[in-house]
Amino acid sequence: MSWHPSIPASWRPSLTELECPLPASRQVFKCEDLMEDFNYTPSIIEPKWQQRWADENAFRTPSDPEELRSKPKYYVLDMFPYPSGAGLHVGHPEGYTATDVIARMKRMQGFNVLHPMGWDAFGLPGERAAVREGKHPAEIMTRNIDNFRGQIQRLGFSYDWEREVNTSSVDYYRWTQWIFLKLYEKDLAYMADEPVNWCPALGTVLANEEVKDGKYVETGDVVERRMMRQWMLKITLYAQRLLDDLDDLDWPESVKEMQRNWIGRSRGAGVTFAIDGHEQDFTVFTTRPDTLFGATYCVLAPEHPLVAKITTDEQREAVENYIAEATNKSDLDRTDLAKTKSGVFSGAFALNPVNGQRIPIWVADYVLMSYGTGAIMAVPGHDERDHEFARAFDLPIIEVVSGGSKPIEEEAFTDCNDGVLVNSSGDQGLDLNGLKVPEAVNATIAWLGDKELGEEKIQYRLRDWLFSRQRYWGEPFPIVHTDDGEVVPLPEEALPIALPAIDQYRPTEDGRPPLARAGDDWLRVTLPDGRTGTRETNTMPQWAGSCWYYLRYLDPTNELEPWSEEAENYWMPVDLYVGGVEHAVLHLLYVRFWHKVLFDCGLVHTKEPFQKLFNQGMILAYSYRDEGGKYYHPDEVEENDGGHVTRQTGIPVNTQIEKMSKSKLNVVNPDDVINAYGADAMRLYELFMGPLEVQKPWQMKGVEGVNRFLHRVWRLVVDSKTGELNTRITNDPADSNDPLNRVLHKTIKKVVSDTETLQMNTAIAQMMIFVNEATTAETLPREILSAFLRLLGPYAPHLCEELWSRLNGEGLLAHASWPTHDEALCQDDLITIVLQVNGKRRDEIQVPKDTAKEDLERLTLDSDKIRKYMEGKEPRRVIVVPGRLVNVVV
RNA sequence: GCCGGAGUGGCGGAAUGGUAGACGCCAAGGACUUAAAAUCCUUUAUCCGUAUGGGUGUGCGGGUUCGAUUCCCGCCUCCGGCACCA
């Protein structure tokens with residue numbers, strides 16, 4: 001184990017602590033082994049209070065109907081982790097600490113609080129670890145979960161562990177299968193031959209959302225296109241609702257915007273083009289129907305079914321070669337923007353519906369089969385891509401919207417607000433000349449409708465969700481393929497379909513998914529109607545389990561239904577959902593889709609699952625790298641004349657702030673921090689670092705700062721020489737003239753409002769101000785300390801429970817009532833008024849808080865300094881801001 | 001390229017139209033100590049000045065206002081997302 005150089009040796013844990021294999025909550029400390037003193041010792045009090053909370057079941061969520069009715073509810077949820085082998089990093093507890101503070105405060109404020117934790121335990125990494133270690137994925141996950149749970153429990157979070165869920169347990173995934181049956185019943189799940197993202201390295205297909213730049217986003221493995229028969233979910237049917245309902249959510253604007261972009265709604269028109277000399281026609285989608293007079297050619301995607309039919313004999317060879325070339329290209333090549341446009345003429349001509357003009361039909365891979373109709377009308381004058389293509393192949397460019405800054409041959413004019421239509425009338429009766437673009441769009445759509453040549457069309461970028469994977473470690477589908485060729489859902493009574501034991505987790509030699517290895521005992525099924533068939537061998541993607549876990553927490557042990565109606569009615573929606581921004585699109589879009597389906601089934605009563613969403617920012621760390629790019633562990637580096645050098649060899653190293661990673665040697669392990677400073681310091685620092693939502697670097701020195709603060713809090717209550725209560729503590733009631741009492745009430749006010757809005761860094765700063773004040777106060781009324789401990793309790797629960805019990809005796813602080821502030825005590829009697837001349841601060845005066853405006857004005861003009869700066873001039877205007885300042889304008 | 005977000009001391013950050021730099025870190029000085037750690041106290045944006053004091057200062061340039069870190073316009077830089085989506 002290595003230590004950050006800033007951790008003093010005296011704070012590093014003893015060997016016995018480190019070697020103890022049990023989680024901290026189970027560790028037994030022998031007091032006589034430890035130095036006899038009365039200082040704050042987190043290693044003793046933290047396990048002690050964790051044990052007390054567990055013994056008393058302090059954070060059990062009420063489920064008795066009577067108890068539920070008696071109080072309002074608050075559901076605060078963390079994005080549950082994927083329990084990886086690497087264990088917790090300091091980024092996890094950041095969000096967990098914030099939600100725990102909220103949960104503890106709400107509980108003390110008299111809410112019934114649901115604050116659960118669980119595990120997103122299906123998925124690829126577990127399966128790969130299983131292959132690597134020759135163990136069952138369930139065994140790997142159990143081990144990882146135990147590790148995660150132990151680490152999380154050391155931080156003293158107030159989760160109700162009786163409600164823990166695990167997506168890979170049969171009790172859980174039987175209901176994931178059950179929800180799939182609902183999707184199937186509603187005709188939202190279907191099998192289709194689709195061009196899918198096949199990842200050869202992983203041996204599975206991936207959803208569109210999991211692929212970026214032709215690579216799997218998680219591993220960077222290259223993905224290729226393949227036609228395969230796969231399960232799809234009709235998320236596109238919900239596109240508009242997924243878009244509309246974003247408006248009412250209290251979510252970060254950036255996340256809403258990312259979802260809107262992903263759904264990608266465009267309004268435009270479908271326009272039908274006849275093909276010269278053919279019976280058939282084709283439809284294009286365009287957002288700019290106003291530019292129809294500028295269409296000088298059309299383009300079909302290479303995969304478009306019409307290509308083979310319309311290609312002329314002269315062009316056939318060239319077209320076939322081009323298609324073969326395009327098909328072989330990876331998505332990475334096809335979407336590479338740097339490459340020049342390619343394409344080939346099909347030999348056929350389309351007829352422009354607005355003027356009957358013959359325009360050539362080209363085949364080019366810059367048109368994608370997967371968007372719109374796979375065919376476009378090309379308007380090189382007003383679309384950059386068409387412009388580039390027209391220039392490359394010498395096709396005509398016509399200006400139909402005037403207003404561009406350069407000649408149309410040089411640059412496409414794409415602005416669609418101020419341009420005015422020109423060259424846009426034809427013998428078919430449409431005349432757009434003189435109209436602005438938006439008017440022209442509407443006029444064209446209306447005209448196309450009249451002539452039955454087209455209509456308004458809303459197009460979404462969102463595509464149906466590819467929902468099957470060729471993996472072992474996922475939910476089996478409750479589906480049978482009968483021998484007579486039908487796809488049949490199994491009845492509810494057949495659930496759960498448990499994963500069979502198999503000997504290897506690879507696909508079979510002939511390329512079928514791993515479940516095909518299960519053997520006929522599992523694979524072959526006789527249906528109630530007597531027909532026989534084979535089970536579906538694909539499994540569901542990892543996203544499935546996380547699409548409804550927040551509902552299972554409501555009623556986690558229900559064996560008859562996924563959740564009860566009463567529980568759903570009481571607890572939903574989730575009041576606060578906290579997690580990383582990396583889930584802004586995938587997880588959050590999928591969950592919202594499932595929730596809406598469940599809503600349509602009458603199984604949930606809210607349109608949206610998560611009323612308020614908060615993304616915590618990533619925690620970064622300093623890393624040290626020499627000229628040659630070699631990284632050094634912070635332990636090996638020391639400061640030198642403002643720079644950093646290696647401790648041993650004195651090589652200068654550059655300091656940078658980066659994402660934590662093993663290869664950069666800058667990972668901070670939460671266990672090390674807890675061992676050195678305790679869980680309360682860890683919790684407090686995670687929140688004190690800065691605003692919760694921003695990226696910020698971990699600085700071990702900052703932990704020392706909050707650690708010092710906690711020691712000061714301890715000494716307010718405990719005399720560290722005797723172990724008795726601080727002799728300054730009195731039983732006198734809090735006096736309204738006591739300045740400390742005023743600071744307390746200001747602190748209560750600020751802690752409440754800042755905690756509600758998750759501005760916990762400033763809440764902690766205010767509590768530090770209180771402690772600074774209390775440290776120098778002559779007397780410490782018990783009543784004031786008691787209120788302060790309740791404020792700090794949600795942030796540093798172990799320390800505060802200990803001090804609470806010493807100060808007040810019986811009863812848990814976690815169950816104490818929340819203090820309220822007296823507004824009158826938050827206002828100072830004497831306030832400072834700043835005096836300005838022409839907006840510059842020149843003097844200040846102390847006045848009673850309710851001094852009248854006129855008096856303030858008079859006092860200002862009487863001030864020597866102010867008179868000096870007025871230079872004998874008459875005041876032109878005097879602005880008085882009550883309680884703040886007076887500004888004299890001369 | 002498009003869409004979001006951000007730019008404040010040596011560092012993390014505070015202030016959302018009204019005293020810029022709360023709180024913490026670092027640093028310096030002092031008290032306590034045989035000594036060190038811990039603790040406590042003081043100083044700590046910057047420039048001129050011994051000082052009273054004064055000037056400058058929230059990425060850059062402009063604007064609105066009695067008053068702008070905060071609002072508006074233009075630019076620069078960084079971070080995140082999307083990207084041949086017709």
Side-chain angles (χ1 to χ4, degrees), chain A residues 6 8-10 39 212-213 252-262 264 266 268 284-288 291 299 334-337 339 341 364-368 370-379 382-386 388-389 414 459-463 581-582 584-585 617-618 622 639 642 657 685 688-691 693-706 708-709 711-712 715 720 759 761-769 771-772 775-776 832-844 875-890:
Chain A
S6 66
S10 60
N39 283 321
K212 197 194 158 190
D213 295 336
E253 204 44 50
S254 60
V255 174
K256 289 194 197 180
E257 206 51 38
M258 279 162 78
Q259 294 226 342
R260 288 190 191 109
N261 290 342
W262 195 267
S266 302
V284 304
F285 172 71
T286 176
T287 55
R288 295 293 302 276
T291 61
V299 184
R334 268 188 77 163
T335 57
D336 183 4
L337 285 174
K339 83 182 172 72
K341 295 267 181 294
D365 66 3
Y366 82 92
V367 173
L368 309 175
S370 51
Y371 182 77
T373 60
I376 63 157
M377 64 175 211
V379 184
H382 305 286
D383 181 281
E384 278 168 26
R385 294 148 302 178
D386 297 345
E388 192 193 331
F389 190 84
T414 56
Q459 183 68 44
Y460 300 94
R461 207 181 70 99
L462 183 70
R463 286 178 250 161
V581 73
E582 66 272 18
V585 177
M618 202 189 322
Y622 285 92
E639 235 181 294
I657 295 168
Y685 179 64
F688 187 59
M689 287 173 83
E693 68 276 14
V694 305
Q695 289 196 3
K696 47 214 174 269
W698 186 272
Q699 297 185 105
M700 220 36 109
K701 286 282 185 188
V703 188
E704 286 180 30
V706 296
R708 238 169 257 158
F709 165 70
H711 275 89
R712 285 156 71 92
R715 290 196 301 267
S720 49
Q759 292 165 294
N761 53 331
T762 49
I764 294 167
Q766 182 61 41
M767 290 191 278
M768 287 174 168
I769 291 172
V771 170
N772 291 345
T775 301
T776 54
T832 304
I833 299 287
V834 167
L835 308 185
Q836 298 182 328
V837 177
N838 289 336
K840 285 200 186 261
R841 180 179 185 278
R842 297 301 180 188
D843 199 3
E844 62 178 46
R876 189 142 52 92
R877 211 173 138 189
V878 179
I879 290 131
V880 180
V881 184
R884 291 213 181 255
L885 56 72
V886 181
N887 186 13
V888 182
V889 185
V890 294

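Order of the sequence lines fixes the chain letters, A, B, ..., with proteins taken first and strands second; residue numbering starts at 1 for each chain.
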Structure string for RNA chain B in dot-bracket form, Watson-Crick and G-U at under 3.5 Å, | interchain
(((((((..(((.....[....))).(((((.......))))).((((....))))..(((((..]....))))))))))))....
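Comparing the C1' positions of B:rC41 and B:rA45 gives a spacing of 23 Å, expressed to the nearest Å. Rounded to whole Å, the C1' atom of B:rU58 lies 16 Å from the corresponding atom of B:rU77. A gap of 11 Å separates the C1' atoms of B:rG10 and B:rU44, to the nearest Å. Between B:rA6 and B:rG17, the distance separating the two P atoms is 15 Å to the nearest Å. B:rU46 sits 13 Å from B:rG21 when the C1' atoms are compared, rounded to a whole Å.
At least one cation-pi condition fails for A:Lys341 and A:Phe389: the charged atom is not both under 6.0 angstrom from the six-membered ring centre and inside a 45 degree cone around its axis.
Distance A:Asp365 CG to B:rC84 P: 11 Å, rounded to the nearest Å. Rounded to an integer number of Å, the gap from A:Glu257 CD to B:rC2 C1' is 11 Å. Taking atom CG of A:Leu368 as the reference point, atom P of B:rA86 lies 10 Å away to the nearest angstrom. Put simply, CD on A:Glu253 is 15 Å from P on B:rC3, counting in whole angstrom units. Distance, A:Met768 CE to B:rG12 P: 17 Å, rounded to whole Å. In this structure, A:Ile764 atom CD1 and B:rA14 atom P are separated by 12 Å, rounded to whole Å. The interatomic distance linking A:Leu885 (CG) with B:rG18 (P) rounds to 9 Å, in whole Å. If you take NZ of A:Lys840 and P of B:rG53, they are 17 Å apart, rounded to a whole angstrom.
With distances taken from any side-chain atom of A:Asn761 to the nucleotides B:rC40, B:rA20, B:rG13, the minimum falls on B:rG13. Counting only heavy atoms from C-beta on, A:Arg708 has its side chain closest to B:rU39 among B:rU39, B:rG55, B:rA86.
As judged by a 4.0 angstrom heavy-atom cut-off over every strand, A:Arg715 is placed among residues touching the sugar-phosphate backbone only. Contacts of A:Asp386 with the nucleic acid, taken as non-hydrogen atoms under 4.0 Å apart, are absent. Looking at heavy-atom distances under 4.0 Å, A:Pro252 makes no contact with the nucleic acid at all.
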Protein-nucleotides 65-70 of chain B N/O pairs under 3.5 Å:
{"unit_1": "B:rC66", "atom_1": "OP1", "unit_2": "A:Arg877", "atom_2": "NH1", "d": "2.8"}
{"unit_1": "B:rC66", "atom_1": "O2'", "unit_2": "A:Asn887", "atom_2": "ND2", "d": "3.4"}
{"unit_1": "B:rC66", "atom_1": "O2", "unit_2": "A:Asn887", "atom_2": "ND2", "d": "2.4"}

Strictly under 3.5 Å: I want the nitrogen or oxygen pairs between protein and nucleotides 76-82 of chain B, one per line.
{"unit_1": "B:rC82", "atom_1": "OP2", "unit_2": "A:Lys212", "atom_2": "NZ", "d": "3.4"}

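Note that CZ of A:Arg708 is 10.0 Å distant from CE of A:Met768, once rounded to the nearest 0.5 Å. Note that CZ of A:Phe285 and OG of A:Ser266 are 5.0 Å apart. Values are rounded to the nearest 0.5 Å. Rounding to the nearest 0.5 Å gives a distance of 12.5 Å between CG of A:Leu885 and CG of A:Asp843.
With a glycosidic angle more than 90° from 0, B:rG54 adopts the anti conformation.
Donor-acceptor pairing under 3.5 Å, judged by distance alone, is present between the side chain of A:Lys341 and the base of B:rC84.
Taking only side-chain nitrogens and oxygens, A:Asn772 comes nearer than 4.0 Å to OP1 or OP2 of B:rG24. Dashed line: the shortest gap from a side-chain N or O of A:Ser266 to OP1 or OP2 of B:rA86 is under 4.0 Å.
Side chains of A:Asn887 and A:Arg877: no donor on one and acceptor on the other come within 3.5 Å.
Ring pair A:Tyr685/A:Trp698: centre-to-centre distance below 6.0 Å.
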